[in-house]
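Every number for a ligand or one of its atoms is a count from 1 in the order of the listing.
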Amino acid sequence: MTPEKLVALALEARERAYTPYSGFAVGAALLCADGSVYQGCNIENAAFGPTVCAERVAVFKAVSEGKRDFAAIAVAGGRAGQDVTGLFPPCGVCRQVLREFCGLDFPLYLVKENGSYETHSLGELLPFSFSRGDMS
Ligand code: THU
């Protein structure tokens, strides 16, 4: 699976975002080591607190289907109903959730305009992170 294909799947997932409150639509596509892909979109809630980010939806879908080895994730966000015009930095909670299952070299393809993307490692986005290894 090429990064470009994963980016296309993140953009596709973004179209299913449920964002009546923020109007900010995010899509994610998580590539597993076995080649399977899990998509996620953000899902908002009138009570605000139950809102879940696109990245976590993708990770939780994968883990609940028995997948724990991940190769990469593509993330695309921007105003709902409009094309993506620039990358946005995934939230800290999603970075920590990824860290649970992914090493510091895990690549994130952050989508910019017209399907272009920047690659950043999880270690770049979450330096000096706390993870399972720190509890041993
Ligand atoms: N959101 C994500 O889906 N991923 C992130 O990493 C940051 C924020 C969503 C949550 C909410 O529905 C909207 O974007 C505005 O915060």
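For Phe48 and Tyr21, the ring centers sit closer than 6.0 Å to each other.
Between Asn42 and ligand 1, an N or O atom pair is found at a separation short of 3.5 Å. Remark: ligand 1 and Val52 share no N or O pair separated by less than 3.5 Å (distance only, no angle test). Checked against a 3.5 angstrom limit, the closest N/O atoms of Pro90 and ligand 1 fall outside it. In terms of N/O distances under 3.5 Å, ligand 1 is approached by Glu44.
Of the protein's heavy atoms, at least one falls inside 4.0 Å of atom 6 (O) of ligand 1.
With rounding to the nearest 0.5 angstrom, the CD atom of Gln96 is 9.0 Å from the CG atom of Leu122. Between Cys53 atom SG and Ile43 atom CD1 the span is 10.5 Å, to the nearest 0.5 Å. The OG atom of Ser116 sits 11.0 Å away from the CG atom of Leu110 when rounded to the nearest 0.5 Å.
Near Ser22, the atoms of ligand 1 lying under 4.0 angstrom from a non-hydrogen atom of the residue are 13 (C), 15 (C). Shown in contact with Cys91 at under 4.0 Å from a heavy atom are these atoms of ligand 1, numbered in order with element: 5 (C), 6 (O), 7 (C). Near Phe88, meaning under 4.0 Å from any of its heavy atoms, are these atoms of ligand 1: 5 (C), 6 (O), 7 (C).
The closest protein non-hydrogen atom to atom 4 (N) of ligand 1 is Glu55 OE1, 2.8 Å. Atom 3 (O) of ligand 1 has its closest protein heavy atom at Ala54 N, 3.0 Å. Ranking protein heavy atoms by distance to atom 8 (C) of ligand 1, first place goes to Cys53 SG, 3.8 Å.
Under a 4.0 Å heavy-atom criterion, Thr51 is in contact with ligand 1.
In Tyr21, neither the side chain nor the backbone holds a heavy atom less than 4.0 Å from any atom of ligand 1.
The shortest heavy-atom contact between Gly133 and Ser136 is O-OG, 2.9 Å.
Asp34 CG: more than 12 foreign heavy atoms inside a 6.0 Å radius. Within a 6.0 Å radius of CG in Asn45, other residues, nucleotides and ligands contribute more than 12 heavy atoms.
A donor-acceptor pair under 3.5 Å is absent between the side-chain atoms of Arg68 and the main chain of Phe101, judged by distance alone.
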Show, in sequence, the C-alpha distance, side-chain angles and deciding distance for Phe70 and Leu98, and conclude whether the side-chain contact (heavy atoms from CB on, under 4.5 Å) test is met. CA-CA 9 Å; Phe70 304 133; Leu98 285 167; 5.5 Å; no
